[in-house]
There are 2 protein chains.
Amino acid sequence: MEASRLFAARGFHGTSTRDIAAAVGIRQPTLYSHFPSKHAILAALLDADLRPALARVRAALDLDGSPAARLHALLVADVSAILSLPYDVRGFYNDEVLELLELDEQARLREELHDLTTRLIGLGVESGEFLAEDPSFARGAITGLTLQAVSDRGPDPSPDPAHTALRIADFVVRALLADRRRLGPVQKASAALVPAVASAAE
Amino acid sequence: MEASRLFAARGFHGTSTRDIAAAVGIRQPTLYSHFPSKHAILAALLDADLRPALARVRAALDLDGSPAARLHALLVADVSAILSLPYDVRGFYNDEVLELLELDEQARLREELHDLTTRLIGLGVESGEFLAEDPSFARGAITGLTLQAVSDRGPDPSPDPAHTALRIADFVVRALLADRRRLGPVQKASAALVPAVASAAE
DNA sequence: CATTTTTCCTATCAGTTGATAGCCTCTCGG
DNA sequence: CCGAGAGGCTATCAACTGATAGGAAAAATG
């Protein structure tokens with residue numbers, strides 16, 4: 001069912017159930033023997049994106065290591081995972097679709113994801129490893145950079161997600177670190193953490 | 001007509017012409033005595049966003065000063081301007097709306113905007129002031145951060161756009177500078193350039 | 001005041017939307 | 001061989017979409 005990447009390209013409202021059905025090779029009413037409604041299709045896609053992401057940030061918070069290294073590893077794992085998805089998460093978070101509809105649970109998941117990410121950044125600020133930047137702002141910056149990466153790659157999965165993921169992680173950590181000389185060690189420590197974070201999403 | 005910020009909140013497809021008409025206090029068919037089609041409304045909003053942005057980046061390229069200072073000033077002016085708009089540019093660039101429809105001209109404007117921005121970053125890389133980062137990647141990062149800022153502020157104009165604008169500009173320049181000790185002088189030089197860049201958009 | 005022009009209205013259109021009802025056709029355990 | 005059930009189909013629905021036609025009202029012009 002993941003072929004419903006049309007949501008991403010044209011947005012939730014811009015994609016009809018007939019479009020989706022045609023993309024998966026069935027007729028429109030047949031969709032309703034798999035999902036009770038159009039919203040449910042979006043909810044399933046959102047879940048497939050949010051739940052692994054939540055598992056990753058939880059893992060990053062539980063691991064040992066400096067906050068910068070853990071954030072770097074989380075970013076690498078997150079961006080790699082999102083760029084590998086067969087669909088494109090852009091359209092999911094653009095509209096106020098999340099707020100307006102009966103997607104309460106997905107909105108809650110996203111909020112929790114944001115909270116935990118903000119907390120990890122906050123650890124870095126408290127320890128002095130990061131500049132005294134507002135953790136919420138930094139979290140927003142990460143969201144923006146990640147969505148942009150998905151936009152840039154287009155509708156198909158990226159051939160080399162790890163490359164882009166590293167670039168984004170480096171960019172963010174470089175902007176946040178109080179002492180840039182720590183970038184090298186952070187990258188090194190991150191590389192060791194990435195597998196643990198990535199595998200947290202089953 | 002700028003009250004059509006509904007496009008931003010619900011996306012182009014998610015907003016009906018009746019919604020727009022109701023928001024501005026007229027009936028739906030009356031819209032068509034102001035605009036020939038729904039696309040034309042979006043085109044007008046896109047123009048109002050893109051043309052000043054294009055004027056700003058041209059000004060930043062023409063000014064004297066180090067690339068970092070000019071990029072910093074451009075970012076401050078850009079983000080301030082976008083956050084001050086009475087509508088929310090988010091939805092404009094999310095869908096493939098730009099590609100799919102008869103918005104060729106707006107797509108061209110956006111491409112030119114990207115090219116010029118990339119060129120300014122490239123100047124910084126060539127001069128050694130910036131790290132040897134791919135200018136296109138940096139430009140994408142800027143786009144992502146800017147759109148995220150609009151998302152965060154919500155549908156209404158920001159009360160204090162300059163604050164957010166400075167934060168974003170600092171974030172980007174910090175991530176790009178080869179020598180972070182240059183951040184202070186860059187900020188200072190940028191402050192002197194901002195008025196010239198901002199006023200370029202008439 | 002008369003007239004012209006601009007702006008808005010009501011009425012209506014054909015096409016598309018998400019969704020439901022009811023029938024058909026495989027597959028497979030017994 | 002058979003009955004069950006999962007998954008597909010056609011046909012159809014009411015609601016809504018963007019857009020057009022033609023007339024009324026209001027504002028500007030003389």
Side-chain angles (χ1 to χ4, degrees), chain A residues 1-48 86-88 90-107 155, chain B residues 1-48 86-88 90-107 155:
Chain A
M1 273 317 297
E2 321 297 353
S4 313
R5 70 185 72 174
L6 295 167
F7 275 156
R10 303 216 282 258
F12 179 71
H13 298 291
T15 307
S16 76
T17 52
R18 281 166 183 81
D19 291 339
I20 303 173
V24 298
I26 60 178
R27 308 284 157 142
Q28 180 252 354
T30 307
L31 273 183
Y32 287 81
S33 62
H34 297 270
F35 297 94
S37 72
K38 191 186 177 187
H39 298 127
I41 302 177
L42 178 61
L45 292 173
L46 281 169
D47 274 349
Y87 49 88
D88 172 338
R90 241 185 310 169
F92 299 175
Y93 309 113
N94 292 334
D95 312 334
E96 62 184 7
V97 161
L98 263 176
E99 314 168 19
L100 205 63
L101 303 172
E102 40 277 77
L103 298 173
D104 306 15
E105 190 186 343
Q106 284 73 28
Chain B
M1 277 318 294
E2 320 297 352
S4 314
R5 71 186 70 176
L6 295 167
F7 274 158
R10 304 217 280 258
F12 179 71
H13 298 290
T15 308
S16 77
T17 53
R18 281 165 182 82
D19 292 339
I20 303 173
V24 298
I26 60 177
R27 307 285 158 140
Q28 181 253 355
T30 305
L31 273 183
Y32 287 81
S33 60
H34 298 270
F35 297 93
S37 71
K38 191 186 177 187
H39 298 127
I41 303 178
L42 179 61
L45 292 173
L46 281 169
D47 275 349
Y87 49 89
D88 172 337
R90 242 185 309 169
F92 300 175
Y93 310 112
N94 290 335
D95 310 333
E96 63 183 7
V97 161
L98 263 176
E99 314 167 20
L100 204 62
L101 302 171
E102 39 276 78
L103 299 173
D104 307 14
E105 191 186 342
Q106 284 72 30

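Chain A is the first sequence line, chain B the second, and so forth, proteins listed ahead of strands; every chain is numbered from 1.
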Find the distance [X]:[atom1] to [N]:[atom2] and express it as a whole number of Å.
| X | N | atom1 | atom2 | value |
| --- | --- | --- | --- | --- |
| L31(B) | dT20(D) | CG | P | 13 Å |
| I20(B) | dC8(C) | CD1 | C1' | 17 Å |
| I41(A) | dG18(C) | CD1 | C1' | 10 Å |
| I26(B) | dA25(D) | CD1 | P | 19 Å |

Report yes if some heavy atom in the side chain of D19(B) is under 4.5 Å from a heavy atom in the side chain of R10(B); otherwise report no.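 Yes. Closest side-chain heavy atoms under 4.5 Å.
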Here's a test of your reading of the structure: between G25(A) and R18(A), which maps to the more 5' nucleotide of DNA chain D?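 First, find each residue's nearest nucleotide; the 5'-ward one identifies G25(A).
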Where do T15(A) and K38(A) come nearest, in terms of heavy atoms and distance?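 What the structure gives for the nearest pair is O-NZ, 2.7 Å.
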Does [N] have OP1 or OP2 under 4.0 Å away from a side-chain N or O of [X]?
| X | N | result |
| --- | --- | --- |
| H34(A) | dG8(D) | yes |
| T17(A) | dG18(C) | yes |
| T30(A) | dC9(D) | yes |

Working to the nearest 0.5 Å, report the span between CD1 of I41(B) and CG of L31(B). 5.0 Å
Give S16(B) one of three labels, base, sugar-phosphate or nothing, depending on what nucleic acid heavy atoms sit under 4.0 Å from its own.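 Sugar-phosphate, no base atom in range.
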For the side chain of [X], starting at C-beta, report the closest nucleotide among [options].
| X | options | answer |
| --- | --- | --- |
| K38(A) | dG18(C), dG7(D), dC8(C) | dG18(C) |
| R27(A) | dG8(D), dT10(D), dA19(C) | dT10(D) |
| Y32(A) | dG18(D), dC9(C), dA19(C) | dA19(C) |
| Q28(B) | dC8(C), dT10(C), dG18(D) | dG18(D) |

Parallel, tilted or perpendicular: ring planes of F12(B) versus F7(B), cut at 30 and 60 degrees: tilted
